Amino acid sequence: MNVLVNPTGAMNGAEKEREVLLDLENVSLSFGGVKAITNISFNVMKGEIRAIIGPNGAGKTSMLNVINGFYQPQEGVITFKGEKRSSMKPHLAVSQGIARTFQNVALFKGMSTLDNIMAGRAVHMKRNMFWQLLHYGPARDEEIEHRKRVEEIIDFLEIQHIRRTPVGKLPYGLQKRVELARALAMEPELLLLDEPMAGMNLEEKEDMSRFIVEVNEQLGTTIALIEHDMGVVMDLSDRVVVLDYGRKIADDVPEKVQQNQEVIDAYLGVSH
Amino acid sequence: MFYKTSGQFKTSYKSDQALFPVKQDAWLLIAILALAYVVFPLTANEFTFKALLVPVLIYSLAAMGLNILTGFAGQLSLGTAGFMGVGAYACYKITTIFPEMNIVVALALSGFFSAAVGVAFGLPSLRIKGFYLAIATLASQFFLVWLFEKWAWLYNYNASGAIEVRTMDFFGLTVTGPTATPLTQYYFVLGIVTVVTIAMINITRGRYGRMWKAVRDMDIAAELVGINLMRAKLTAFAVSSYVVGIAGAMLVFFWKGAAEPNLFDIPMSFQILFIAIIGGLGSILGNFLGAILIVALPVLLNVLPDLVGIQVHSAAMEHVNVMIVGALIVFFLIVEPHGLARLWGLIREKLIIWPFPH
């Protein structure tokens with residue numbers, strides 16, 4: 001296993017912090033006899049954009065599900081912010097600072113854009129049942145305080161015009177953006193994006209890329225993303241990890257990954 | 001023409017999130033409250049109180065409780081009447097064990113009993129959903145009615161097996177029992193329904209409401225935005241059963257005056273579910289509209305021929321009644337499957353931009 005702890009290649013923005021935010025060591029996950037992930041180790045540095053790529057069924061989404069605690073790996077150690085963890089509930093992962101978006105949009109369809117993003121702040125809101133029943137006073141103050149933060153995110157992602165629209169009525173590209181907004185509302189340290197550009201047209205892809213870079217640079221959020229659009233992956237990410245059949249076959253800066261023979265084989269197929 | 005949002009500018013999030021961002025809505029509500037608190041008491045006779053106003057209020061409250069669970073949190077329940085029964089029997093026991101206790105305190109306490117039972121029967125919701133959960137709650141319905149029949153301690157070993165409400169005072173006013181005047185009972189019920197409605201509006205527009213709706217719309221995503229599913233579902237069961245329990249206690253104490261276990265059987269569960277569905281799931285207003293359609297309309301139709309002076313056989317009227325109400329339910333569901341509350345919402349949107357189509 002050639003585990004790259006620190007890539008030697010030049011990262012874009014060479015003075016980015018080299019602190020390890022998330023570290024996976026020898027993680028394995030299987031469903032019955034099916035091995036989804038086999039003995040994978042890699043890490044995510046604070047402040048970087050980390051891409052996870054691979055052909056269909058390579059175990060990318062399973063990887064994200066392991067990171068945010070939706071799946072429990074049978075083997076391996078996951079260290080987040082210096083803390084080792086064994087078993088994990090998804091809602092606890094959120095309170096530790098891991099947020100994610102989904103491959104298929106998973107918004108709350110009956111709620112407006114605003115309410116969806118407000119729901120993303122659930123972990124930060126604390127007022128108990130008594131104040132909620134009363135509403136006036138502390139519960140309302142809390143509501144308004146969080147509304148302000150949500151409005152900042154709405155401004156940031158340029159979705160002011162759809163604030164009151166039920167998300168079920170929005171076009172697909174905007175739904176993806178609302179989902180990103182909801183994830184940002186959790187104020188995560190690590191943001192997991194599962195195919196943020198799937199099914200988008202060129203313009204929407206450009207917008208989304210811009211937002212991802214802005215989130216990374218302005219908010220300082222570390223991002224791990226899965227994406228099939230290689231142009232986007234190679235331009236955006238600092239380091240790329242490549243999976244195939246649940247195994248890691250490469251882990252390097254984009255330039256080197258592109259030249260890696262194993263990666264080319266995995267994507268194009270080889271004659272045996 | 002009078003219903004316009006132009007000229008009403010929001011300059012703070014506080015005013016934007018206010019209950020009535022449109023001024024006319026507040027006026028409309030004041031008008032309705034004036035009707036309920038002043039006009040009805042001045043004009044209504046005993047029959048109107050007993051057969052129309054009080055039942056509508058109590059059924060609205062029960063449907064509101066169910067709506068919290070089914071409409072907001074998306075957990076289908078067929079055990080509403082059972083939980084109402086728990087509230088009623090709890091209130092009965094509380095008032096017999098502590099005769100000196102204020103009736104309002106007894107009502108509030110009995111709600112906690114139904115909430116606890118609701119949470120206990122809500123535990124399956126952590127593993128199952130949809131129709132399977134509905135069947136599980138149906139089991140609670142059968143079990144609870146059986147319990148009300150068999151556990152004699154609940155009805156103080158009465159020979160009749162029924163609970164009877166004795167006369168009770170609320171700060172000198174007789175509010176329960178045969179000597180209570182319909183007017184005081186009406187005001188009492190109206191007061192409680194108003195307070196609970198305000199509390200439910202508050203809770204559904206805040207943190208808990210969003211939590212519940214998130215669980216309803218997509219539970220996996222809700223979990224991944226940091227919502228504790230177990231807590232969200234169980235709080236929904238607790239709040240819902242609390243309100244339903246109070247409604248059940250009020251049904252017996254301020255309307256029926258006595259109750260047998262089979263009062264809380266399945267037909268009532270369904271009736272309340274229908275009110276919630278036709279009124280509009282996920283709405284507070286809808287429960288009142290639904291209760292008016294399902295509870296008040298049949299009564300009104302029954303007395304209509306007398307009022308206009310037509311002689312109709314009462315049995316014939318019953319049948320016509322069922323047909324009219326049934327047809328109306330089908331009509332409203334075809335016009336707006338999301339219920340009467342959504343219908344009003346659409347009318348409201350149209351009124352705001354009237355007379356221009358866009």
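Predicted model, so just to flag it, every value in this text is computed and none were measured.
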If every non-hydrogen atom of [X] is compared with every non-hydrogen atom of [Y], which pair is closest and at what distance?
X: B/R210; Y: A/E143; answer: NH1-OE2, 3.0 Å
X: A/V94; Y: B/L224; answer: CG2-O, 3.3 Å
X: B/D217; Y: A/G110; answer: OD2-N, 2.9 Å
X: A/F108; Y: B/A221; answer: CE2-CB, 3.9 Å

B/I203 side chain reached by A/L133 side chain, heavy atoms, under 4.5 Å: yes

Side chain proximity check, A/L107 to B/M218, heavy atoms < 4.5 angstrom: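 When only atoms from C-beta onward are counted, B/M218 and A/L107 do not touch, as no gap falls below 4.5 Å.
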
When you look at [atom1] of [X], are more than 12 heavy atoms from neighbouring residues, nucleotides or ligands closer to it than 6.0 Å?
X: A/Y172; atom1: OH; answer: yes
X: B/F112; atom1: CZ; answer: no
X: A/F31; atom1: CZ; answer: yes
X: A/K81; atom1: NZ; answer: yes
X: A/Q160; atom1: CD; answer: yes

Structural part of B/V239 lying under 4.5 Å from a heavy atom of chain A: side chain

What distance do [X] atom [atom1] and [Y] atom [atom2] have between them, rounded to the nearest 0.5 Å?
X: B/R207; Y: A/M118; atom1: CZ; atom2: CE; result: 11.5 Å
X: B/R205; Y: A/D115; atom1: CZ; atom2: CG; result: 12.0 Å
X: A/F102; Y: B/I220; atom1: CZ; atom2: CD1; result: 7.5 Å

Which of A/I144, A/N68, A/D141, A/L92 touches chain B most, by non-hydrogen pairs under 4.5 Å: A/I144

Winner by heavy-atom pair count (cut-off under 4.5 Å) against chain B, out of A/R164, A/R100, A/H146: A/R164

Side chain to side chain contact (heavy atoms under 4.5 Å, CB included) partner of B/V225, chosen from A/R182, A/E179, A/R121: A/R182

